[in-house]
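Please read the structure below before turning to the comments.
So you know, we letter chains A, B, ... as the sequences are listed, proteins then strands, and number each from 1.
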There are 4 protein chains.
Amino acid sequence: MKKREVQASVKDERLVKKRRDQMIKGAVTLFIQKGFHRTTTREIAKASGFSIGTLYEYIRTKEDVLYLVCDSIYDQVSERLQEDLDTNRGTLESLRLGIAGYFRVVDEMQDEVLVMYQEVKSLSKDALPYVLKKELEMVEMFEQVINGCVENGELDLTEEQVKMIAHNIFVQGQMWAFRRWSLKKIYTIDDYIKLQTDLLFQGIIAEKSKQI
Amino acid sequence: MKKREVQASVKDERLVKKRRDQMIKGAVTLFIQKGFHRTTTREIAKASGFSIGTLYEYIRTKEDVLYLVCDSIYDQVSERLQEDLDTNRGTLESLRLGIAGYFRVVDEMQDEVLVMYQEVKSLSKDALPYVLKKELEMVEMFEQVINGCVENGELDLTEEQVKMIAHNIFVQGQMWAFRRWSLKKIYTIDDYIKLQTDLLFQGIIAEKSKQI
Amino acid sequence: MKKREVQASVKDERLVKKRRDQMIKGAVTLFIQKGFHRTTTREIAKASGFSIGTLYEYIRTKEDVLYLVCDSIYDQVSERLQEDLDTNRGTLESLRLGIAGYFRVVDEMQDEVLVMYQEVKSLSKDALPYVLKKELEMVEMFEQVINGCVENGELDLTEEQVKMIAHNIFVQGQMWAFRRWSLKKIYTIDDYIKLQTDLLFQGIIAEKSKQI
Amino acid sequence: MKKREVQASVKDERLVKKRRDQMIKGAVTLFIQKGFHRTTTREIAKASGFSIGTLYEYIRTKEDVLYLVCDSIYDQVSERLQEDLDTNRGTLESLRLGIAGYFRVVDEMQDEVLVMYQEVKSLSKDALPYVLKKELEMVEMFEQVINGCVENGELDLTEEQVKMIAHNIFVQGQMWAFRRWSLKKIYTIDDYIKLQTDLLFQGIIAEKSKQI
DNA sequence: AATGAATGAGGGTTCATTCAT
DNA sequence: CATGAATGAACCCTCATTCAT
C-alpha cells in the first residue's frame, strides 16, 4: 500500500516538506493539549509559524493535518523499532532488545503516541486504512522476530500464538503511554520493561519446556 | 469518591432515570457511528426519542451525555465482572472464570467499550477522575482475586507483579474491542480467551514452578 | 382611557388579585437585579411562590408581567402624590409639599421607580400608551397645583411655562432614582429636596417679582 | 480612566475603525427600532453590510456592540458640547450658548441619545463604569463653566448648587430625547431652549440679587 | 508563495409557552 | 386550580475554508 498523498498547492517539494514539518510539530503540541477536535486550524497555523492562508497552501482539509501527524509519528516509532530489531535478527536476544527498545521509544514519545492513539479514530474512512496498515506492519515486525526464534528452535509456538504475542507486545507498548496516569505511580520504565518481559518470557519458555 | 451528579431540571427521579436510559442508548449508537464530537445534541435528542428542549431538561451540557454514557458502560461491565469474580472467590479457577467472563462482556459490549475507550479523553478535567476511578476499581477487582491466589498458595507473586498482571488482563479485555478490526480476522472470542489465558497462566505457573 | 385588561384563565377575581400581587412583588425584585429581558418566566414563577404553569393561569405573556409591574408602581406613586397634593389645594405651600412628598416617594421606591423607568420601553406598542397615560396624569397633577397658584395670584406664569415646570419637577423626581449612583454621593434626599425646590422657586418667584 | 478596549481579530486598525463605524451605524438604527435585546447579531451584521462571521471579527460579544454604540454616541455629544462651551469660556454667555448647543445636539441626535439612554443599563458590570465616567465628564463640563461664572462674579452659588444645576442641565437635555413623545407636542426645540434657560437663569440670577 | 479578511453553515444552549395529568 | 414535563423556534457564537491582494 502506497502512502496516501496529501495535496499541496505549492510545487517546491523541499518547501512542502519543510512547512509540513513545522506544521506537524506545532500540531502535535496542540493535539496533546486539547485534542484534535478542540484545536482550530488557526491555532495550528500560528503554532506552525505561518498564516492560516499559508497553512491551506500545504493541505486541503484540517483532517490532512491529523493524517500527517499520525503518519509522521508512526514513521518515527516504526523506524526506531526497525533499528532495534535488526540487531541479532531472529534470536530471543533480539526479541528481548526489540521489546525494550520499543517500550523506550514509547516512553520517549509518550505524548505523540498518546495523541496518535487517541485521534486515529477521527481520521476519515479514507485515510484510516493507511495508518492502520502501518500499525499492522509494526506488529508484523515483532511477528517476524518471534517466528525467527521458532525457526531456530529457541521457541515452540503455533502461528496463532505468535500473532497473539506480537499483538500483546505492541499493545503493552501503547499501554505505557495511555495508562501512564496509573502505571507511572507504580513503575519506572525500567521496572515496566523488566516485569513485562519476564511475564511474557516465562510464559513463552514455559510453553517450550512443557513440550519438552 | 461519590458519583458525580449530573443536574436535571426535572424533579421526578424515576422519570430522570428513564429518560437518561433512553438518552444513553441513543447516544451510544451515535457515538459509535461518528464519535462524540461529530455527533450533535440535536441528533442525540432525536435518537433518544425526544426534542432538543427535553434533552436539556435532563442534562446541562453536551459533555454530560458523554459522562452519563461512560459512567453507564463502566457500571455495566463492572457489575458483570463483579458477578463472575464472586464465584469461587480467590482461587485460580475464579481468576480463570473472571477473565473469560470479562472478555465475554467486552465482546458483547464491543461498541460500548470502544466508545467509552475512545471518548473518555473528551471528558472535562472535572469529570475525568470519576471515570478513571471506576476503571481502577475494575483493575483492583482482578488484583484482589490474584492476591487471593497468592494467599492460598496457588500463586507466588510479588505485589508489583500482581498489579502488572491485573493491568494486563484489563487492557487485554479492552484490546479485544479496540483492535477487533485486526483480531477478529484471526480469532473467535473463544480462541482469544483460550490463547490469552494460557499465555498468561503458563507464565504465572512458571513463576511458581521456578520457585519449586 | 380605561385600564388595559390582562386576561387570566382563573375566574375567581379575588384570587387573581392575590396571585398577581405575589407576582408583582417577586418580579420587581428580579427586574431590579437583572432587568426584564434577563429575567425568565420560570424565575418569576419561583419568586412568586408558584409553578410556571400557575403563572400562566394569571397572565398570557411574559410582557403582561411587565405591564402589571409598571402599572402597579405607577399606581402606588400616583396615589401617594395625590394625597400630598390634596392638602392646601392650589397654594404655593401645597406645591412645595407636593414636590417634597413626591421626591420622598421616589426615594422610598427607588428600585421600583428605576425598574419602571428603564423597562417601560420594553412594553409592546399595545401596552405602552396605558402606562404613558398614567405618567402624563402625574404631570398634570403638578400642572393643576401650579395653575392653582397662578389663579390665586401667587404665581404669574404662561401656560407653556406651567407645563414646562410640571415636567421638570416630574423628571427631577425620577432623576433622583436613575442618577442616584452619582447624586447620593453628594446629597441626602433632604438636601436634594431643598436644593431643587429653592432653585425652582427662586426662579418662579423671580418671574413674578419681575412683573411687579 | 482609559477607554475600554474591545478586542478585534483583524489587525488593520484602519479597517477596524471603518467596519466598526458601519457597525455602530447599523446597530443604532436597529436599537432604536427594537431595543438591544430584541435585536439579533445577524440583524446587526446585515444592517452593517457584512456577514455574521465578519461581525465577529471585530467584536467578541454582542454586548461589545452596545458598548461601542454607547461610547461613540457619548463621544459625539461630548465633542460637540466641548466646542460650544469653549467659546467665551466661563461667562454667563458661554453657559447660555453651551446649554443651547447641548440641547440642539440632543435634538439632532435624538435617536442616538435615546438609545444610549435606555440601553446603558444592559451593559455588563464590566463596561458600565467606562460609560458612566463619560457621562460625569459631561456634567463636569457644565460645572466648570458655572464655576467660571461664580469666579468672575456673574453668579453667586455654593458648590452644591453648582453641581445640582449642572446635573439638571444635563438631564434636561436628555429629557428632550426621552420625553419627546410628550414635549414635542407642546414645544419646538427653540421654545424648549428658551423656556428652560429662562427658568434656570431667573433662578440663578435671583439667587444673586437676593444676596445683594 | 504568503497573507488575512470575509464567509456562512452549523453547533450548543435557552426559554416562552402549552397541555396532559 | 395547580403542576411541571415537553416543545422547538431562535439566539449567540465558532471555525473550516476561500480568495483577492
Side-chain angles (χ1 to χ4, degrees), chain A residues 8-12 15-16 19 37-46 49-65, chain B residues 8-12 15-16 18-19 37-46 49-65, chain C residues 8-12 15-16 19 37-46 50-65, chain D residues 8-12 15-16 19 37-46 49-65:
Chain A
S9 308
V10 173
K11 301 295 167 196
D12 181 343
L15 191 54
V16 170
R19 290 276 179 264
H37 280 105
R38 296 199 216 274
T39 300
T40 69
T41 50
R42 272 169 165 83
E43 287 171 324
I44 296 172
K46 196 173 184 184
F50 37 71
S51 72
I52 182 68
T54 302
L55 181 72
Y56 274 86
E57 294 286 315
Y58 296 93
I59 52 158
R60 278 218 308 223
T61 66
K62 185 187 173 188
E63 210 221 88
D64 282 345
V65 181
Chain B
S9 305
V10 173
K11 298 293 165 65
D12 182 342
L15 191 55
V16 170
K18 181 183 157 194
R19 291 278 178 265
H37 280 105
R38 296 199 217 274
T39 301
T40 70
T41 51
R42 275 171 176 78
E43 287 170 327
I44 295 173
K46 195 170 186 185
F50 35 71
S51 72
I52 182 67
T54 300
L55 180 73
Y56 275 88
E57 291 283 310
Y58 296 92
I59 52 157
R60 279 222 303 228
T61 65
K62 184 186 175 191
E63 209 221 89
D64 280 347
V65 180
Chain C
S9 309
V10 174
K11 301 296 165 196
D12 180 341
L15 191 54
V16 170
R19 291 277 181 263
H37 281 105
R38 297 199 217 273
T39 301
T40 69
T41 50
R42 272 169 167 82
E43 288 171 324
I44 296 171
K46 194 173 185 184
F50 36 73
S51 72
I52 182 68
T54 302
L55 180 73
Y56 274 87
E57 293 286 315
Y58 296 93
I59 53 157
R60 280 219 307 226
T61 66
K62 185 186 173 190
E63 209 220 89
D64 281 347
V65 181
Chain D
S9 305
V10 172
K11 299 293 164 65
D12 182 342
L15 191 55
V16 171
R19 290 279 179 265
H37 281 106
R38 294 199 217 274
T39 301
T40 70
T41 50
R42 271 177 173 74
E43 287 171 326
I44 297 173
K46 195 170 186 186
F50 36 71
S51 72
I52 181 68
T54 300
L55 180 72
Y56 276 88
E57 292 282 310
Y58 296 92
I59 52 159
R60 279 222 303 230
T61 65
K62 185 186 173 190
E63 209 221 88
D64 280 346
V65 181

Query raised in the report: Looking at residues at least two apart in the chain, or sitting in another chain, which of them share a salt bridge (charged side-chain N to carboxylate O under 4.0 Å, His left out) with D:E57?
Result: A:R42

Requested in this report: Take atom CD of C:E43 and atom P of E:dC15, then tell me their distance rounded to the nearest Å.
Outcome: 8 Å

**Report entry** Set of side chain to side chain donor-acceptor pair (under 3.5 Å) partners for B:T54, sequence neighbours left out
**Finding:** B:S51

Identify the pairs formed between an N or O of the protein and an N or O of nucleotides 4-6 of chain E at a distance under 3.5 Å, and give each distance.
from  : atom 1 : to    : atom 2 : distance (Å)
E:dG4 : N7     : A:G53 : N      : 3.1
E:dA5 : OP2    : D:K11 : N      : 3.3
E:dA6 : OP1    : D:R19 : NE     : 2.9
E:dA6 : OP1    : D:R19 : NH2    : 2.4
E:dA6 : OP2    : D:Y58 : OH     : 2.3
E:dA6 : N6     : A:R42 : NH2    : 3.4

Query raised in the report: Considering heavy-atom distances to DNA chain E, does A:L55 or B:K62 have its closest nucleotide positioned more toward the 5' end?
Result: A:L55

Query - Nearest-0.5 Å distance that lies between atom NZ in C:K46 and atom CG in C:L55 - result: 14.5 Å

Query raised in the report: Is there a donor-acceptor pair under 3.5 Å between the side chain of B:K62 and the backbone N or O of B:T39?
Result: yes

Report summary line: Contacts of C:S9 meeting side chain to side chain donor-acceptor pair (under 3.5 Å) (sequence neighbours excluded), chain-then-number -> none

Query raised in the report: When the distance from CD1 of D:I44 to P of F:dC12 is rounded to whole Å, what number comes out?
Result: 8 Å

Requested in this report: In whole angstrom, give the distance that lies between atom NE2 of C:H37 and atom C1' of F:dC11.
Outcome: 13 Å

Query - Qualifying residues under side chain to side chain donor-acceptor pair (under 3.5 Å), relative to C:R38, sequence neighbours excluded - result: none

Query raised in the report: Over its full length, what angle do the end axes of the helix from E:dA2-F:dT21 to E:dT21-F:dA2 make, each axis taken from five pairs and the result rounded to 10 degrees?
Result: 0°

Query raised in the report: For C:R38 and F:dC12, what is the distance between atoms CZ and C1' respectively, to the nearest whole Å?
Result: 13 Å

Query raised in the report: Could you give the CZ-to-C1' distance, from D:R60 to F:dT14, as a whole number of Å?
Result: 14 Å

Query raised in the report: Roughly, in whole Å, what's the span from CD in C:E63 to C1' in E:dT17?
Result: 15 Å

Query raised in the report: Would you say D:Y56 reaches F:dT14's phosphate, i.e. side-chain N/O to OP1/OP2 under 4.0 Å?
Result: no

Query raised in the report: Any idea how A:Y58 and A:F50 line up, ring-wise: parallel (<30°), tilted (30 to 60°), or perpendicular (>60°)?
Result: tilted

Query raised in the report: With sequence neighbours excluded, what pairs up with D:D64 under the side chain to side chain donor-acceptor pair (under 3.5 Å) test?
Result: D:R4

Query raised in the report: So what does A:T41 hit on the nucleic acid, given a heavy-atom distance under 4.0 Å: a base, only sugar-phosphate, or nothing?
Result: base

Query - Rounded distance [0.5 Å steps], CD1 in B:I44 versus OH in B:Y56 - result: 8.0 Å

